[in-house]
Engineer: 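Have a look at this one.
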Amino acid sequence: MYLKVELPWNVLIPPENLDAKGLMLQRAIIVRLMDDFAVRKATKDHGYFLALTSLNSIGEGKVRQDSGGVLFPVVFSCITFKPFKGEILKGVVSKVMKQGVFLTCGPVENIYIPALTMPDFQYVQGENPVFMNDSLSKIDSGVTLRFVVMGTKWIESKREFQVLGSLKLDFLGPV
């Protein structure tokens, strides 16, 4: 689900980027905030950071004694994406195995749908393995699937979510 979130953040501006004109300082804060935002990737509470939409406020800077840089508290709005249990999503199959399929959905690269949760689909092995059902509907690499999120798990070390999906509801499967 896409969320609009307002977050506080601290932006450190190195001494070489400081300028007497306020306009250049504001530009330096925005550029540094965007760089920090891109590196952060995701959080457990808010999901994956997609887009910074507005800079709401810039607080008073405090000089850091060790580096000479200035630390500015800022508040900004952004768009995030976080998968929730029970949500219906679309993903693209990236890998087919006998045990199930792996998908990607936007920034989420680790979605697994076990074969046991794909009713009416049977595994067909070969050079390019697929899952097929009686009406010849095929689940293959590159196919878009509609699925339901059964559960999510936050992996702190990788700063990403693992998602477990299923096709056990009506109108789920290849699109």
Side-chain angles (χ1 to χ4, degrees), residues 1-11 30-56 74-175:
M1 177 179 295
Y2 293 98
L3 306 169
K4 184 172 182 177
V5 180
E6 187 174 272
L7 294 172
W9 206 285
N10 289 318
V11 177
I30 292 170
V31 168
R32 185 58 185 242
L33 175 62
M34 291 177 74
D35 289 343
D36 292 350
F37 183 80
V39 170
R40 187 86 186 260
K41 188 176 176 181
T43 65
K44 182 179 181 178
D45 296 332
H46 303 296
Y48 293 89
F49 296 122
L50 299 180
L52 196 121
T53 56
S54 66
L55 180 59
N56 302 342
V74 298
V75 177
F76 65 94
S77 296
C78 64
I79 304 295
T80 64
F81 177 78
K82 183 177 180 183
F84 288 97
K85 183 178 179 178
E87 184 176 18
I88 306 289
L89 297 173
K90 286 183 186 177
V92 177
V93 176
S94 58
K95 188 175 184 181
V96 177
M97 302 182 321
K98 187 176 184 175
Q99 299 82 8
V101 294
F102 284 95
L103 295 95
T104 60
C105 174
V108 186
E109 296 177 355
N110 211 351
I111 301 167
Y112 178 64
I113 300 178
L116 295 173
T117 65
M118 295 190 286
D120 304 327
F121 282 93
Q122 288 80 34
Y123 179 74
V124 179
Q125 68 182 38
E127 189 174 316
N128 294 320
V130 297
F131 280 91
M132 245 175 165
N133 66 8
D134 294 336
S135 62
L136 301 179
S137 188
K138 192 185 333 181
I139 298 176
D140 193 6
S141 288
V143 169
T144 301
L145 283 183
R146 185 178 297 118
F147 66 97
V148 63
V149 176
M150 299 303 291
T152 62
K153 181 180 180 183
W154 172 250
I155 308 297
E156 183 66 42
S157 61
K158 295 182 179 180
R159 303 200 64 74
E160 69 180 19
F161 286 93
Q162 288 182 341
V163 176
L164 181 66
S166 171
L167 303 182
K168 279 192 173 180
L169 295 177
D170 292 337
F171 308 108
L172 300 182
V175 177

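Keep in mind it's a predicted model, so treat the numbers as computed, not measured.
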Engineer: Given side chains that start at C-beta, do those of Leu7 and Phe76 come closer than 4.5 Å, heavy atoms only?
Structural biologist: yes
Engineer: So, the side chain of Lys82 versus the backbone of Lys44: is there a donor-acceptor pair under 3.5 Å, distance only?
Structural biologist: yes
Engineer: Is it true that atom NZ of Lys41 has more than 12 heavy atoms of other residues, nucleotides or ligands lying nearer than 6.0 Å?
Structural biologist: yes
Engineer: Do the rings of Phe37 and Trp9 sit parallel, tilted or perpendicular, given the 30° and 60° boundaries?
Structural biologist: tilted
Engineer: Does atom CE (Met34) have a neighbourhood of more than 12 heavy atoms from anything else shown, all under 6.0 Å?
Structural biologist: no
Engineer: Using a strict 4.0 Å threshold on nitrogen-to-oxygen distance, state whether Asp36 and Arg32 make a salt bridge.
Structural biologist: yes
Engineer: Find out whether Leu89 and Leu103 are in side-chain contact, i.e. whether some heavy atom of one side chain is under 4.5 Å from a heavy atom of the other.
Structural biologist: no
Engineer: Indicate whether any N or O donor in one side chain lies under 3.5 Å from an N or O acceptor in the other, for Asn133 and Ser135.
Structural biologist: yes
Engineer: Report the C-alpha separation of Tyr2 and Leu50 in whole Å, then their side-chain angles, then the decisive distance to 0.1 Å, and conclude whether the side chain to side chain contact (heavy atoms under 4.5 Å, CB included) test is met.
Structural biologist: CA-CA 9 Å; Tyr2 293 98; Leu50 299 180; 3.4 Å; yes
Engineer: Check whether Thr53 reaches the backbone of Ser77 with its side chain - one donor and one acceptor, N or O, closer than 3.5 Å.
Structural biologist: yes
Engineer: Nearest 0.5 Å, what's the OH-CD distance between Tyr48 and Glu160?
Structural biologist: 5.0 Å
Engineer: For the backbone of Val148 and the side chain of Ser166, can you confirm whether one donor and one acceptor N or O come within less than 3.5 Å of each other?
Structural biologist: no
